[in-house]
Every structure is written in structure tokens, then in C-alpha cells.
Amino acid sequence: PLEMSAKKPVPFLRQVVPVRKKVQRDPRFDDLSGDYKPEIFMKTYSFLDSIKKQEKEMVQKQLKKCQNMEQKEKLQRLLNRMAQQEQAQKKQQKLRERELSLKRQQREFAKQGKKPFFLKKSEKRKLELAEKYAELKRSGKLESFLNKKRKRNAIKDKRHLPSQNNL
């Protein structure tokens with residue numbers, strides 16, 4: 001058998017038995033955690049909506065009572081962020097509902113024996129735009145929206161025109 005040299009100092013932390021290293025895993029990217037399904041996620045964590053609503057009301061009450069301008073500004077930003085998150089969640093939910101309705105429609109066609117027809121991304125976008133215009137028309141904000149869009153397009157067009165300095 002081989003003998004260790006006495007001339008070399010023995011290492012302070014010598015590993016006699018190899019220790020198995022703990023493997024850390026991220027559940028977002030791990031297959032063991034399963035696939036992400038937004039419908040199941042929303043059902044499982046639906047209780048968070050009520051908690052968020054309570055927090056929003058609490059922030060609104062604090063905002064009314066607050067005297068300090070810096071604190072008031074902070075609370076206002078927080079309230080705006082909460083409202084934006086709520087709007088984004090509603091928008092996402094609408095999008096999911098639209099997708100589900102299209103899928104149901106395709107299933108119905110398949111049951112009837114017809115060949116399923118899947119919309120292109122551009123056609124989906126057109127449908128979404130038409131829905132947005134209908135919503136704006138109902139709420140009475142269509143004219144202001146179109147004016148803003150015209151201004152935005154005019155600015156874009158102006159950028160592409162040659163400037164007076166270059167002539």
C-alpha cells in the first residue's frame with residue numbers, strides 16, 4: 001500500500017469521506033415542478049386578489065390622512081402601480097378568455113366534421129384592435145384616442161422628412 005509522505009503537512013480540512021453536495025434547483029426551470037398553466041395558477045392563488053384589494057383600500061386611507069408631501073407622493077406612486085398591475089391582470093385575463101373562446105370554436109368545428117381554421121397572428125391583432133375601438137367607442141374616448149394617434153403619426157412622419165438645416 002502507498003504511504004503518505006511525512007514531509008508534506010497534512011491538510012487542515014482533509015476529506016476522509018466525500019460529502020455529497022446539495023443540489024439547488026430553481027422551480028421555474030425545473031421539469032419536476034411541472035408546466036406553468038395560468039388558469040390553474042389563477043385558481044390556486046385567487047385569494048391574493050382579495051388581499052391586494054384590502055391593501056389598496058388601506059393605502060387610499062393612508063393617502064387621505066397623510067400630511068407629509070414626500071410620503072403622500074410615495075403613497076400616490078404605490079397606488080398608481082397597484083392600479084396598473086390590476087389593469088394588466090384584467091387585460092391578460094381578457095386575452096386568455098379570447099384564446100379559450102377561439103379554441104372552443106375550433107373544437108365545435110372539428111365536432112361538426114369541418115376542417116379547423118387557425119387565425120394568423122396578424123388576424124388576431126386585427127380582431128384585438130377592432131375590439132379596442134369598440135370599447136373606446138362605448139366609453140366615449142375614441143375621439144381623444146384617435147387625436148393622440150394622429151399626433152404620434154405626424155411626429156413620426158416629421159422625423160423622416162429632411163430638415164431645413166440640411167438643405
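A quick note: this is a predicted structure, and the numbers were derived from the prediction, not measured.
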**Q** Do Asn147 and Arg150 get their side chains close enough for a donor-acceptor pair, meaning under 3.5 Å?
**A** yes
**Q** To the nearest 0.5 Å, tell me how far Thr44 OG1 sits from Glu39 CD.
**A** 11.0 Å
**Q** Cluster question for you: counting only ILVMFWY and a side-chain heavy-atom cut-off of under 4.5 Å, with indirect links fine, are Leu136 and Leu146 together?
**A** yes
**Q** Do Lys91 and Lys94 have side-chain heavy atoms sitting under 4.5 Å apart?
**A** no
**Q** Starting at CD of Gln62, measure out to CD of Glu55 and round the result to the nearest 0.5 Å.
**A** 10.5 Å
**Q** Around Tyr36, counting heavy atoms of other residues, nucleotides and ligands shown, do more than 12 lie under 6.0 Å from its OH?
**A** yes
**Q** Do the side chains of Gln105 and Glu108 get nearer than 4.5 Å, heavy atoms only?
**A** no
**Q** Same cluster for Met58 and Leu78 if Ile/Leu/Val/Met/Phe/Trp/Tyr side chains link at under 4.5 Å?
**A** no
**Q** Checking Glu128 against Lys132 for the salt bridge (charged side-chain N to carboxylate O under 4.0 Å, His left out) test, could you report, in this order, the C-alpha distance in whole Å, the side-chain angles of both residues, the deciding distance, and whether it holds?
**A** CA-CA 6 Å; Glu128 194 176 312; Lys132 186 177 181 181; over 6 Å; no
**Q** For the residue pair Gln84 and Arg81, confirm or rule out a side-chain donor-acceptor distance under 3.5 Å.
**A** no
**Q** Under a 4.5 Å side-chain heavy-atom rule over Ile, Leu, Val, Met, Phe, Trp and Tyr, are Phe41 and Leu48 clustered together?
**A** yes
**Q** As an exercise, state the distance from CD of Glu86 to NZ of Lys56, rounded to the nearest 0.5 Å.
**A** 4.0 Å
**Q** If you measure from NZ on Lys37 to NZ on Lys43, what distance do you get to the nearest 0.5 Å?
**A** 11.5 Å
**Q** Could Arg77 and Glu73 be called an ion pair, given the rule that one side-chain N must be under 4.0 Å from one carboxylate O?
**A** yes
**Q** Determine the sole option in Gln93, Gln92, Glu99 for which the side chain to side chain donor-acceptor pair (under 3.5 Å) test with Arg96 is passed.
**A** Gln93
**Q** Decide whether Tyr45 and Ile51 are clustered together by the hydrophobic rule: side chain heavy atoms of Ile, Leu, Val, Met, Phe, Trp, Tyr closer than 4.5 Å, transitively.
**A** yes
**Q** Which heavy atom in Leu75 sits nearest to a heavy atom in Val59, and how many Å separate them?
**A** O-CG1, 3.9 Å
**Q** So, for Cys66 and Lys72, which heavy atoms are closest and what is the spacing to 0.1 Å?
**A** SG-N, 3.8 Å
**Q** How close do Phe118 and Gln106 get, heavy atom to heavy atom, and via which atoms?
**A** CE2-CG, 4.1 Å
**Q** Rounded at 0.5 Å granularity, tell me how far CG in Leu63 sits from CD in Gln60.
**A** 8.0 Å
**Q** Counting C-beta onward and ignoring hydrogens, is there a side-chain heavy-atom pair between Arg98 and Leu95 closer than 4.5 Å?
**A** yes
**Q** Flag yes if Leu142 and Leu129 sit in one hydrophobic cluster, no otherwise; membership is Ile, Leu, Val, Met, Phe, Trp, Tyr, and two members link when side-chain heavy atoms are under 4.5 Å apart.
**A** yes
**Q** Heavy atoms only: give me the nearest His160-Lys156 pair and the separation to one decimal.
**A** CD2-O, 3.0 Å
**Q** Quick one: closest heavy-atom pair of Asp49 and Gln89, and the distance?
**A** OD1-NE2, 3.5 Å
**Q** Start with the C-alpha distance between Arg104 and Leu100, add both sets of side-chain angles, then the distance that settles side-chain contact (heavy atoms from CB on, under 4.5 Å), and finish with yes or no.
**A** CA-CA 6 Å; Arg104 283 190 205 112; Leu100 282 172; 4.1 Å; yes
**Q** Can you tell me if CG on Asp31 sees more than 12 non-hydrogen neighbours from other groups inside 6.0 Å?
**A** no
**Q** Taking everything shown except Glu70 itself, do over 12 heavy atoms lie less than 6.0 Å from its CD?
**A** no
